[in-house]
Structures are given as structure tokens and as C-alpha cells.
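In what follows, a single structure is set out as C-alpha cells and then discussed.
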Amino acid sequence: MKGKIIKAMAGFYHVYSEEKVYLTKPRGLFRLENITPAVGDWVDIEADEIHMEGTITKIYPRQNILRRPRVSNVTMTLIVFSLKDPSPDYLLIDKLICNALAQGITPMLVFNKSDLDNEEIERAKTIYSLSPLALHFISAFSGEGVEELRASLSGGTHVVAGPSGTGKSSLLNAIGVEKELEVGEISAKLRRGRHTTRHVQLLPIGGETFIVDTPGFTNLALDQDIDSLVLRECYEEFLPFSENCRYDNCLHGPEPQCGVKEALEQGRIRPERYENYLALLEEVKERKEYS
Ligand SMILES: Nc1nc2c(ncn2[C@@H]2O[C@H](COP(=O)(O)OP(=O)(O)OP(=O)(O)O)[C@@H](O)[C@H]2O)c(=O)[nH]1
Ligand SMILES: [Mg+2]
Ligand SMILES: [Zn+2]
């Protein structure tokens, strides 16, 4: 039987298969081979339908694995900010975009609380207008935009990230996350329940779509392994213009004959994005000096 690990606890793995949850242990061979199953892994299990217990007999190859939270086969990071209370921090948004892209994961921007503010919607649209990023404006309260967002998640495993209080958990409730499933429990579609953010758990939202809530963080930095060359790639809308830079390793700072700065002057790159890029470049350079 094929399933997906949705929770890891004290050496046991909760495996979701056909809307049921099994308590499993990995086959002993995995330990010998130094393979630790991860939440998000697709696995084969041999299970006992009466006790809902079983053994993981195979782990399918992973597409990727995130470090924090440790989740494999991640499709997108939903970067959730609120339009108001708290207002979006666009530098922080760019950091989260970069952290996702540097790990090979597609970022999607979700601006919540559209019931509170309209001006900020225009600002956010403008800032990202020349970038290929997907944007969603939603209200977890009124339900505005929630269906469209839900439709765009189909079939993937997604991680929700963002500061505290932006409405990540509210959003999950709005898109119909079932309550945290316990072993042996049969999932009832659209049964809603409040769920809290305690441990890493994939929440099934129907079909083969899963979502992971994360607790909001207070301090966030660019991932340590992002250097200036990686950062440069994270501003995707700059890339076509960087082909016009005189130097191959141009970081679009003080260098002469820079295609990105020319594009900025021509209004083909948003100044907000360029300024945030420079701020992050400084951060990366300072880190290098002190390390
Ligand atoms: N006006 C309005 N308030 C919202 C909306 N969504 C969430 N809130 C409120 O925002 C606050 C934070 O919501 P949560 O869903 O707990 O936020 P969170 O991002 O999960 O926060 P952490 O778990 O601390 O990271 C709560 O008071 C919610 O009632 C919305 O669409 N509109
Ligand atoms: Mg929460
Ligand atoms: Zn350049």
C-alpha cells in the first residue's frame, strides 16, 4: 500500500493512505543503511487494518528536503503576510522568497486580511508586477480569494511560512483543513476543527494535496548558505537583464555597465525590489566578513 508520512513522533511515523492513518515503524534495514524517514516521504507500507499498524517497506526517492521544518517533497512555500495588522515587511518577504528559491522550491505570495486594507493591495501588486511570482490576495475571514488559492494548491505538498499573526492558521481553516488526524481515524472531508501549531504535521486537504502549518517566527534571516551569487539568482526578473552586464559576475552594485541598473532606469525593474536586493546583498557580504 502506498502512502505519505504525515507525522513523525518518537521513532514512529504516521502514514496517510486512502484517507486513513496508520502507525508505522521503518523496516530495520533502513537504520542499517542510515536512512531516516522524513515527513513528506512517499512510502510503501505493509499494514494491519485491524490495529492500523504497519511497517514501512520502501521509501520513494525524494524530490527535495527542507531543513526547517524537516519536510520532503515540498512543492511550494506559501509566504503568508497580512495587508494590515501587521503590515507587510517587504524586505522580509524577499528573504523568504530567496530562502525558498535557494532550496529549489517555488514561492507563492499570499496576502491575507484583504477585508482590512485596499491600498496595500495596490502597493504589493506594483512591487511584484514585473516579477514572475504568483500573488494571492485573500481574506480568511470573508473567504475572498480563498477558492482560487485552494485551486492552485492541487496535488502538491506545501509549507506555510510567515510572521506571527498574519493569519496562517486561519487560512488553513478557511481552505478546509481537516483537524489533525489521529491514528486509525478516517478522514471526513471538509470536517473542520481548530488546529494548533505544535509539531510538524502534513494536513491533508483532499486528493493528494497536503499542507504544513508552521509557527510564526520572530527573527528571520536569510539562510546561512545563501551567498551573493545565489542571491543574484533569486531576483528572477533581473536575470534577463543581467545578460547585458559587462562582467559575468556582476552583482549589480557599483559595477559599471550593468544591465540590471539600466533596466531599473528604464522602469523595467521595480525600485523596491532593487533596493531590497541591495540590502540583502549587504547582509550577505557582512556575514562573509565576520565569518
Ligand atoms: N481581519 C482579519 N483578521 C484575520 C484574518 N485572518 C486572521 N485574522 C486574525 O489575525 C490573528 C492571527 O491569526 P492566526 O491565524 O492565528 O495567525 P498565524 O499566522 O497562524 O499566527 P502564529 O500561529 O502566531 O504564527 C487572529 O486574531 C485572527 O483572528 C482575516 O482574513 N481578516
Ligand atoms: Mg498559527
Ligand atoms: Zn549587473
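For the single chain, residues carry numbers from 1 onward in sequence order. Please read all numbers here as calculations on a predicted model, not as lab measurements. Values below: all heavy atoms of this structure, side chains included; hydrogens, waters and symmetry mates excluded. Counting starts at 1 for both ligands and their atoms, following the listed order.
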L116 N/O to ligand 1 N/O under 3.5 Å: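 No, no N or O pair falls under 3.5 Å.
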G162 N/O to ligand 1 N/O under 3.5 Å: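 No - when backbone and side-chain N and O of G162 are compared with those of ligand 1, no distance drops under 3.5 Å.
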Side-chain donor-acceptor pair present, D94, Y235, cut-off under 3.5 Å: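 Distance-only check passes for D94 and Y235.
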Flag for T57-E46: side-chain donor and acceptor within less than 3.5 Å: no
If you round to the nearest 0.5 Å, how far is [atom2] of [Y] from [atom1] of [X]?
X: S72; Y: K4; atom1: OG; atom2: NZ; answer: 6.0 Å
X: M1; Y: T24; atom1: CE; atom2: OG1; answer: 10.0 Å
X: L280; Y: R232; atom1: CG; atom2: CZ; answer: 15.5 Å
X: K261; Y: F241; atom1: NZ; atom2: CZ; answer: 15.5 Å

Please identify which atoms of ligand 1 are closer than 4.0 Å to at least one heavy atom of [X].
X: D115; answer: 1 (N), 2 (C), 30 (C), 31 (O), 32 (N)
X: T166; answer: 17 (O), 19 (O)
X: K168; answer: 15 (O), 17 (O), 18 (P), 19 (O), 20 (O), 21 (O), 22 (P), 25 (O)

Proximal candidate to atom 22 (P) of ligand 1 [heavy atom criterion; set S142, S164, A174]: S164
From G145, S170, S114 - option closest to atom 15 (O) of ligand 1 by heavy atom: S170
Under 2.8 Å: N/O/S of S169 next to the Mg ion (ligand 2):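 Looking at S169, which is the residue asked about, there is an N, O or S atom under 2.8 Å from the Mg ion (ligand 2).
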Centroid-centroid distance, F111 to F137, less than 6.0 Å: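 Yes, ring centres under 6.0 Å apart.
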Region of N112 engaging ligand 1 - heavy atom pairs below 4.0 Å: side chain
Minimum-distance N/O/S atom that H252 presents toward the Zn ion (ligand 3): ND1
